[in-house]
Amino acid sequence: MAESNLVQIVEGALLAADKPLSVAQLAGLFDEQERPDNSTIREALAEATARCEDRGFELQEVARGFRYQVRQSLSPWVSRLWQERPQKYSRALLETLALIAYKQPVTRGEIEEIRGVAVSSNIIKTLHEREWIRVVGHRDVPGRPAMYATTSQFLDYFNLKNLDQMPALAEIRDLETLTAELGFSEPQEEGAPDQASDSEDAAESLDLAVVGGTEHPSDESTTDN
Amino acid sequence: MAESNLVQIVEGALLAADKPLSVAQLAGLFDEQERPDNSTIREALAEATARCEDRGFELQEVARGFRYQVRQSLSPWVSRLWQERPQKYSRALLETLALIAYKQPVTRGEIEEIRGVAVSSNIIKTLHEREWIRVVGHRDVPGRPAMYATTSQFLDYFNLKNLDQMPALAEIRDLETLTAELGFSEPQEEGAPDQASDSEDAAESLDLAVVGGTEHPSDESTTDN
Amino acid sequence: MSAKESNPTTDVAAEPEAAVTAPPEAAGISAPDQAAGPAVTHPQQGEMPFAVVMGQAVTELPKDLYIPPRALEVFLEAFEGPLDLLLYLIRRQNLDILDIDVSEITAQYMRYVELMDAVQFELAGEYLLMAAMLAEIKSRMLLPRSTENDDSEEDPRAQLIRRLQEYERFKKAAEDIEAMPREERDIWVGNAKPPDLNRSRPEPDVDLRELLLALGEVMRRADKYEAHLIEREALSTRERMSDVLSALSGQQFVPFVSLFDVKEGRLGVVVTFLAIMELIKESLVEIVQTENYGPIHVKARTE
C-alpha cells in the first residue's frame with residue numbers, strides 16, 4: 001500500500017514539476033524519517049515507467065532526471081496544439097553549438113579559428129539565454145577568455161542523458177599519409193594509378209561527402225568523446 | 001486499434017498542453033477526413049479518465065475543458081517542489097538584531113541613532129515573528145517608544161545559555177585585530193595541521209577565525225543549523 | 001544559361017551530381033538560406049561541371065559572371081565564411097576534399113571575392129585572409145619542389161585540407177544537431193496542474209558570526225558613538241535589565257526584594273542589583289520607599 005503510494009507520489013511530482021527530477025530530488029520530497037532509499041525510488045520509477053505502456057506518454061530519463069514526455073509517434077497530432085512553427089536556429093548558431101558540445105571546454109577564439117569567421121555576440125547570448133551553454137572557466141592566456149561548455153538543460157532539450165548520446169563526430173581522414181602522398185605534386189600530372197583507377201570510389205565518397213554527411217555511414221565516424 | 005490510438009492522442013495532447021483542452025480543440029488535432037466526432041472523443045476522454053485509477057494524477061473537467069491534475073492528496077509531498085529556499089536576512093536586520101542584543105533594552109529611535117538610518121517596521125515585525133525580540137517596556141519620553149530586548153528563543157537559536165556568552169563589544173569593535181589574533185591561535189584549537197604560516201593562509205582563515213572569534217562556549221552555535 | 005541547357009546533354013554522369021552540388025541552402029537549415037534559393041540558381045548553374053574526367057571536374061565558367069548585387073548578397077550570406085564557401089566550390093566541382101586543385105579553386109574563390117568587392121559587399125576580413133592564403137599556396141606549388149628533407153615545414157595545402165576537414169565535420173555536426181529530436185518541435189514534456197500547495201516558507205538561517213560581523217560593521221560606521229557604545233557593563237547586566245523591565249511591565253509596584261532570586265547565588269544577586277541601578281540611571285524605573293526602613297518598591301517609569 002505504501003509502495004503504491006510511493007509510485008503515486010513519484011508520478012504526481014514528475015507531472016507537477018516544471019523540470020526533470022532526479023532520484024535525489026524525489027527523495028527530498030519526503031520527511032527524513034519516512035524517506036525511501038534510492039533503490040526504492042528507482043523501483044517506483046520503474047513501476048511508473050511500466051504503467052505507461054500503451055499510453056500516450058512515457059517516462060523518460062534525461063540529463064537532469066526523469067520526466068514524462070508525449071510519445072514521439074503522436075507528434076503529428078500533438079504539434080497542432082501550437083500555432084507557431086517551431087523556432088529555427090541559424091547555421092551559425094548550430095555550428096557554434098556543435099563546436100561547444102564536441103570540443104568543450106572551448107573559447108570563442110577557438111570556435112572562430114575552426115569556423116573561419118567571427119562568432120557574433122548575439123549567438124553566445126542566445127545560447128546563454130537558452131541555458132544551453134555556460135562558462136566553466138577562463139583559459140590562462142592573455143585576455144583570459146571564457147571557456148564554454150554545454151549544460152544539462154542542453155541535453156534535456158535534445159532528449160539526451162549525456163553527451164555520449166550525441167551523434168558521433170565525423171572522422172578526419174588521415175593526414176600524415178595524405179601529406180606524404182600529396183607532396184607538392186600537381187593534381188594534373190597525377191600519374192598516381194590508384195587514384196585514377198578507382199574513380200568509381202572517388203565518385204561515391206564524393207556523394208557522401210557532399211551531402212554534408214547527412215548520410216555518412218556510421219562506420220566512417222568515430223566515437224569521439 | 002484506431003480507438004486505442006485516439007485515446008493515446010487525447011492523453012498525449014492533454015499532457016502536453018499547458019491549458020485545459022475542450023472537445024472541439026481535441027477534434028482540431030485531426031485532419032478533417034479522419035476527424036472523430038465529438039461523442040467518439042468523449043468516449044476517449046472517458047477511457048483516459050478510467051486509466052487514471054490508482055495513479056498520481058487524474059483527468060478533470062473544468063470550465064475550459066479537460067486537463068490532467070495531480071491528486072490533491074499528494075499535496076504534502078508535491079508541495080516540497082516549491083518549497084522556497086530561505087532567503088537571507090538583510091544586513092539592516094542583522095544590525096538591528098545585534099544592537100538589540102547588545103544594547104537592550106533599547107528603543108527603535110536609539111537603534112536608528114546608532115545605525116544612522118531608519119529601521120523599517122518590517123524588520124521589527126520579522127524579528128517579532130521569529131520570536132527573537134520582545135517589548136519589555138516603554139521609555140518614558142514623548143511617544144512612549146517600545147523598548148526591545150532579546151528573548152530566550154534568541155538564545156536558544158544561537159545555542160547560548162545567556163548573553164554573556166556573546167563576545168564583548170570591545171572585541172567586536174576590533175574585529176580585524178580580533179580575527180587576526182584568533183586566526184593564529186585557531187590552528188592549535190582545531191588541530192589543523194597547517195599553521196597559518198604564510199599570509200595567504202592567514203587571509204583565508206580569516207573567515208573561520210571570526211567563527212572562532214566568539215571563543216566562547218557558543219562556538220558550537222555557529223556550526224548548527 | 002547556356003551551360004544550364006547543355007548540362008544534361010553533355011554527360012550523363014553529370015546528372016546525379018546535379019543534386020549533389022546543390023548549395024548549402026539545400027540543407028535548409030536557416031531561414032536566409034531559403035530566401036537565397038531561387039536567387040542563387042543563376043550563378044551556380046552557370047558553373048556546374050559539365051563533365052567528370054577521371055574524377056576531375058571539367059568546368060566551363062560562364063562568360064558573364066554578373067549577378068544582381070542583391071542576389072549576390074543573399075548568395076554570400078548563405079555561406080558561413082570562407083571555409084564554407086571553399087567547401088561549396090570544391091563540392092560543386094565534384095572534387096574530393098583531399099584532392100583539391102588549388103589553382104582552380106583559388107581562381108574561383110578570387111572571382112567571388114572580386115565580385116563581393118565590386119558590389120561593395122561589406123567584405124569580411126576573413127574572406128580576404130583566405131584569399132591571401134590561397135594565393136600563397138598556389139605560388140608555392142609553382143615553385144620547384146625542393147627535396148623531401150624540408151619535412152619540418154608543413155605542406156600548406158595539407159594545412160588547408162585539414163582546416164576544411166575540421167570545419168566540415170562541425171558543419172556536419174551542426175546538421176546532426178538540427179536533425180536531433182528536440183523540445184518544442186518533436187518532443188513535448190508532459191505536465192499536469194499541481195495540487196493546491198501547502199507552502200511553508202522556511203525561516204532564513206542566521207549564523208552568529210553574521211550577527212557579529214553586522215555589529216562590527218555598524219560600529220565601524222558609527223565611530224562617533226563608540227564611547228557611548230563601549231560600556232564596561234557585562235551583557236548579562238543588560239539582559240537582566242530586560243528581565244526586570246519585563247517583570248515590572250503591567251504591574252504598579254513590585255517589591256524590590258522580589259526581583260532577586262537567591263537561588264542564583266551571590267553573582268546573580270549582584271547582576272540584578274547592577275541591572276536595577278542601570279535602569280534607574282537610564283530613568284527607566286523608579287524606586288519608591290514610603291517610609292523609613294519600610295519596604296522598597298520598584299515601578300516602571302512608563303507603565
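Proteins get letters first, then strands, A, B, ... in listed order; numbering begins at 1 in each.
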Do [X] and [Y] make a side-chain contact, defined as non-hydrogen atoms from C-beta onward lying under 4.5 Å apart?
X: A:Asp31; Y: B:Arg80; value: yes
X: A:Phe57; Y: B:Leu14; value: no
X: B:Leu15; Y: A:Val78; value: no
X: A:Asp54; Y: B:Gln8; value: yes

Examine whether an atom of A:Gln72 lies under 4.5 Å from a heavy atom of chain B, and if so say whether it belongs to the side chain, the backbone or both; otherwise answer neither.
-> neither

Which answer fits A:Leu74, side chain, backbone, both or neither, if we ask what part of it has an atom under 4.5 Å from a heavy atom of chain B?
-> side chain

Is the number of heavy atoms from other residues, nucleotides or ligands under 6.0 Å of [X] [atom1] greater than 12?
X: B:Gln33; atom1: CD; result: yes
X: A:Glu113; atom1: CD; result: no
X: B:Glu32; atom1: CD; result: no
X: A:Glu53; atom1: CD; result: no

What residue in A:Gln69, A:Glu58, A:Arg51 has the most heavy-atom pairs under 4.5 Å with chain B?
-> A:Arg51

Determine the minimum heavy-atom distance between A:Gly12 and B:Val70, stating which atoms define it.
-> O-CG2, 3.3 Å

Heavy-atom closest pair, residues A:Leu81 and B:Ala13 = CD1-O, 3.6 Å

Please state whether the side chain, the backbone, both or neither of B:Glu34 comes within less than 4.5 Å of a heavy atom of chain A.
-> side chain

To the nearest 0.5 Å, how far apart are CD1 in A:Ile9 and OG in B:Ser75?
-> 11.0 Å

State the SG-CD distance between A:Cys52 and B:Glu11, to the nearest 0.5 angstrom.
-> 9.0 Å

Would you check, one step at a time, whether the test side chain to side chain contact (heavy atoms under 4.5 Å, CB included) holds for B:Trp77 with A:Leu26?
-> CA-CA 9 Å; B:Trp77 295 274; A:Leu26 287 167; over 6 Å; no

